[in-house]
Amino acid sequence: MRQGRLFVISGPSGAGKGTICDVLKKDPSFGLSVSMTTRAPREGEVEGVNYYFVSRREFKKMIAEDGFLEYAGIYRNFYGTPKKPVMEMLAGGKDVILEIEMQGAVNVKRSFPEAVLIFVLPPSLAVLRGRLAGRGTETEEQIALRTKTSLEEIGRLPEYDYFVFNDDLDDAVETVYAIVRGEGEANRVEGRADAIIQRFKEENDAFISGGR
Ligand code: 5GP
């Protein structure tokens, strides 16, 4: 039996990786990984479906037992991908999709070089800023800081295998399917990263010099 492949979908926050993955998670041909987290469940979240909600002590025990494929600390909480279920799905021939933040994505590649890393890009920084401003909870200063962080994160694009612009959701999902089918040549990062990063930098410079 052929071994399944591991696809990791990541990118800056606000780029929309979650929305893309929500669609992919409904496709039964993909194996689903349920992460473990120390953060408290939000309303409507179900144990074993959205996450396994555990204490810091349980999380640390899992680290000590080498039970994670990767894990990361985000906003004072820990998130990790349990290794065993993923390895079992891959061995059973299932392709698995992980939706994780960027530090974890890069760590997966270190311990599992065959993993295919997909970077979800916003169509522009203006769209990212618009999404943040739309929440109405963030000050101008916070938005500027978040944009700067996103720009730095986009700078890590060369560590990924493929990029997907999240302009239109259907198009973005179709692009991920093309990559999974091995037809994602047009979305390979190699040879294109500098131009993409430069485009976002120029947009940011224009924004700053515009004094807005
Ligand atoms: P949230 O708390 O909103 O559910 O998730 C916060 C962030 O943690 C998101 O960017 C999500 O992709 C990421 N995340 C969820 N599970 C994992 C995981 O197992 N490992 C890593 N590294 N990040 C995760």
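In listed order, ligands and their atoms are each counted from 1. Counting begins at 1 with the first residue of the sequence. As the structure is a computational prediction, the values presented were derived from the model and not from experiment.
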*Can you tell me if M36 has a non-hydrogen atom under 4.0 Å from ligand 1?*
no
*Between D66 and K84, is there a side-chain N and carboxylate O pair less than 4.0 Å apart?*
no
*For the rings on F30 and F7, is their centre-to-centre separation under 6.0 Å?*
no
*Answer with yes or no whether Q103 contacts ligand 1, where contact means a heavy atom under 4.0 Å from a ligand atom.*
no
*For atom 3 (O) of ligand 1, what is the nearest protein heavy atom, given as residue, atom name and distance?*
R42 NH2, 3.1 Å
*Against heavy atoms of R39, which atoms of ligand 1 measure under 4.0 Å?*
1 (P), 2 (O), 4 (O)
*For atom 11 (C) of ligand 1, the protein heavy atom that lies nearest, with its residue and separation*: E99 OE2, 4.1 Å
*Can you list the atoms of ligand 1 that are under 4.0 Å from a heavy atom of I74?*
7 (C), 8 (O)
*So which heavy atom in the protein is nearest atom 19 (O) of ligand 1, and how far is it from that ligand atom?*
S35 OG, 2.6 Å
*In the protein, what heavy atom is nearest to atom 22 (N) of ligand 1, and what distance, to one decimal place, separates them?*
E101 OE2, 2.7 Å
*Charged N-O contact under 4.0 Å between E202 and R199*: no
*Validate the cation-pi geometry between R192 and F163: distance from NZ or CZ to the six-membered ring centre under 6.0 Å, angle to the ring axis within 45°.*
no
*Test: R39 cationic atom under 6.0 Å from F78 six-membered ring centre, within 45° of axis*: no
*Parallel, tilted or perpendicular, as decided by the 30° and 60° cut-offs, for the rings of Y160 and F119*: perpendicular
_ligand 1 contact by F68, heavy-atom criterion under 4.0 angstrom_ = no
_Proximal atoms of ligand 1 relative to G104 (non-hydrogen, under 4.0 Å)_ = 22 (N)
*Within 6.0 Å of CZ in R181, more than 12 heavy atoms from elsewhere*: yes
*asked:* Under 4.0 Å from a heavy atom of K17: which atoms of ligand 1 are those, numbered in the order shown and with their elements?
replied: 10 (O), 12 (O)
*asked:* Minimum distance, heavy atoms only, to atom 2 (O) of ligand 1: which one of F78, Y79, Y75 is it?
replied: Y79
*Taking atom CD of E152 as the centre, does the number of heavy atoms from other residues, nucleotides or ligands within less than 6.0 Å exceed 12?*
yes
*asked:* Does K25 have more than 12 heavy atoms from other residues, nucleotides or ligands lying within 6.0 Å of its NZ?
replied: yes
*May I ask you to identify the nearest protein heavy atom to atom 5 (O) of ligand 1, giving residue, atom name and distance to one decimal place in Å?*
Y51 OH, 3.4 Å
*Please answer whether the main-chain N or O of I100 pairs with a side-chain N or O of S10 as donor and acceptor at a distance below 3.5 Å.*
yes
*Taking only heavy atoms of A72, which atoms of ligand 1 are found under 4.0 Å from at least one of them?*
22 (N)
*Is the closest N or O pair between E45 and ligand 1 shorter than 3.5 Å?*
no
*Hey, is E70 touching ligand 1 through its side chain, its backbone, both or neither, going by heavy atoms under 4.0 Å?*
side chain
*Got a sec: does the CD of E190 have more than 12 other heavy atoms crowding it under 6.0 Å?*
no
*asked:* Less than 4.0 Å is my threshold; does some heavy atom of S13 fall inside it relative to ligand 1?
replied: no
